[in-house]
Number of protein chains: 2
Amino acid sequence: MLKQEILSKNQQIVLDYIEKVNEPIKAYSILHNVQKKGIKAPLQVYRALDKLVEIGKIHKIESRNAFVACKNSNCQISKATAFSICESCEEVSEISDSKLSKYLKNFQDKAGMKFNKYNLEFFGLCKKCSIK
Amino acid sequence: MLKQEILSKNQQIVLDYIEKVNEPIKAYSILHNVQKKGIKAPLQVYRALDKLVEIGKIHKIESRNAFVACKNSNCQISKATAFSICESCEEVSEISDSKLSKYLKNFQDKAGMKFNKYNLEFFGLCKKCSIK
DNA sequence: TACACAATGTTATATTATAACAATTAACAC
DNA sequence: GTGTTAATTGTTATAATATAACATTGTGTA
Ligand SMILES: [Zn+2]
Ligand SMILES: [Zn+2]
Ligand SMILES: [Zn+2]
Ligand SMILES: [Zn+2]
């Protein structure tokens, strides 16, 4: 089968909401906010999230147990992700830097492991929070 | 106060166990295994883990919610961590590559964020699992 | 001693995520 | 269309991960 292009009902509901809020959001927060659309149980959210992550529509911010919509149009599969995270205001941005991604894709570890995916999270202070 | 060098009782118990098992281990698994040492509640484990992470004795593998002892002697504070993770056998190794760490420490994102920490997780197949 | 702070002990609870199973719907070959 | 398969959904219950709140004890230091 080709990469899925048409989303199922629940997948679309969850994706629509994540894209609308435009910031990292947690699974149970999604649940509360889509209950009016008919989604009632955590599993319905988690199943949609799993699929959306798999096809690269969203990413999981591992250190925060939160999900964000992909902002990187050429990132159709979540195999090479990088984020900046402000430890003060919790703002998260997806980093799109071709030199960085090239460097990491080509990285060879000494143990000879074959990598097919990476996730990188930078932490610090965003511009706004630096001033304060 | 200077960087803590002497660990408290619970911190030492938890660290000893993590160093002994020598692979990523989860908080509740630690709890079960140190109960004979007198640690009874999750919170006692989590508090020790928090401190051990803070001082760089252990690291959290975010994608696995698991903890490993630091193998990188010059990594006294968990500010720059990189791991390789086998998606088949779940073996985890801490990557110690000065070029990589230099590259990431110097990385400047376009939004002008000031980074003070990063965590990188590579996923793939270890040598053993590649053969199968 | 007195103070501040770190660590402990304990109970309860919050948060995040999955198991198990039945029912329904979509995709596709014939 | 029929049958077959896989994907998706619905539902209840439960597992796994993590923190809140509060009282107490230990430790370093002025
Ligand atoms: Zn992306
Ligand atoms: Zn900020
Ligand atoms: Zn380390
Ligand atoms: Zn392996």
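Every chain is numbered from 1, with letters handed out A, B, ... down the list of sequences. If you're wondering where the values come from, they're calculated on a predicted model, not measured in any experiment.
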Inset, instruction - Report the nucleotide, chosen from C:dT10, D:dT11, D:dT8, that has the shortest atom-to-atom distance to any side-chain atom of A:S8. - result: D:dT8
Inset, instruction - Under the salt bridge (Lys or Arg N to Asp or Glu O under 4.0 Å) rule, collect the residues that match up with A:E87, sequence neighbours excluded. - result: B:K117
Inset, instruction - Rounded to the nearest angstrom, tell me the gap between atom CG in B:L31 and atom C1' in D:dA18. - result: 12 Å
Legend entry - Heavy-atom side-chain contact between B:I13 and B:D16 under 4.5 Å: no
Legend entry - Protein-nucleotide distance (A:Q11, atom CD; D:dT9, atom C1'), rounded to Å: 11 Å
Legend entry - Side-chain hydrophobic cluster, 4.5 Å single linkage: members besides B:Y118: A:I95, A:L100, A:Y103, A:L104, A:F107, A:M113, A:F115, A:Y118, A:L120, A:F122, B:I95, B:L100, B:Y103, B:L104, B:F107, B:M113, B:F115, B:L120, B:F122
Inset, instruction - Measure from CD1 on B:I39 to P on C:dT11 and round the result to the nearest Å. - result: 16 Å
Inset, instruction - Check whether any side-chain nitrogen or oxygen of A:K40 sits under 4.0 Å from OP1 or OP2 of D:dT11, and answer yes or no. - result: yes
Acceptor/donor pairs from residues 39-49 of chain B side chains to any protein atom, 3.5 angstrom cut, sequence neighbours excluded:
| from | atom 1 | to | atom 2 | distance (Å) |
| --- | --- | --- | --- | --- |
| B:Q44 | OE1 | B:K40 | N | 2.8 |
| B:Q44 | OE1 | B:A41 | N | 2.8 |

Inset, instruction - Write down the distance between CG (A:N10) and P (C:dT25), rounded to a whole number of angstrom. - result: 13 Å
Inset, instruction - Rounded off to whole Å, could you give me the NE2-to-C1' distance for the A:H32 and C:dT15 pair? - result: 10 Å
Legend entry - B:K9 side-chain N/O to C:dT8 phosphate OP1/OP2 under 4.0 Å: no
Inset, instruction - With sequence neighbours excluded, tell me which residues meet side-chain contact (heavy atoms from CB on, under 4.5 Å) with B:K128. - result: B:E91, B:C126
Legend entry - Pairing residues for A:K71 by the side-chain hydrogen bond (donor to acceptor under 3.5 Å, both in side chains) criterion, not counting sequence neighbours: A:N22
Legend entry - Whole-Å gap separating P (C:dT15) and CD1 (A:I25): 14 Å
Legend entry - B:F123: ring pair (Phe, Tyr, Trp, His ring centres under 6.0 Å) partners, not counting sequence neighbours: none
Inset, instruction - Please identify each residue that fulfils side-chain contact (heavy atoms from CB on, under 4.5 Å) with B:E90, with sequence neighbours left out. - result: B:R64, B:I85
Inset, instruction - Name all residues meeting the ring pair (Phe, Tyr, Trp, His ring centres under 6.0 Å) criterion together with A:F83; count only those two or more places apart in sequence or in a different chain, and write none if there are none. - result: A:H59
Can you tabulate the close N/O pairs, meaning under 3.5 Å, that link protein atoms to atoms of nucleotides 16-23 of chain C?
| from | atom 1 | to | atom 2 | distance (Å) |
| --- | --- | --- | --- | --- |
| C:dT16 | OP1 | A:K26 | NZ | 2.4 |
| C:dA17 | OP1 | A:K60 | NZ | 2.7 |
| C:dA17 | OP2 | A:Y46 | OH | 3.1 |
| C:dA17 | N7 | A:Y28 | OH | 2.8 |
| C:dA17 | N6 | A:Y28 | OH | 3.1 |

Legend entry - Minimum side-chain heavy-atom gap A:I58-A:L15 below 4.5 Å: yes
Legend entry - Residue-phosphate contact under 4.0 Å: A:Q44 side-chain N/O, D:dG10 OP1/OP2: yes
Inset, instruction - Just report the end-to-end axis angle for the helix from C:dT1-D:dA30 to C:dC30-D:dG1, five pairs per end, to 10 degrees. - result: 40°
Inset, instruction - Tell me, please, which residues at least two apart from B:D50 pass side-chain hydrogen bond (donor to acceptor under 3.5 Å, both in side chains). - result: none
Please list, pair by pair, any protein nitrogen or oxygen found under 3.5 Å from a nitrogen or oxygen in nucleotides 24-30 of chain D.
none

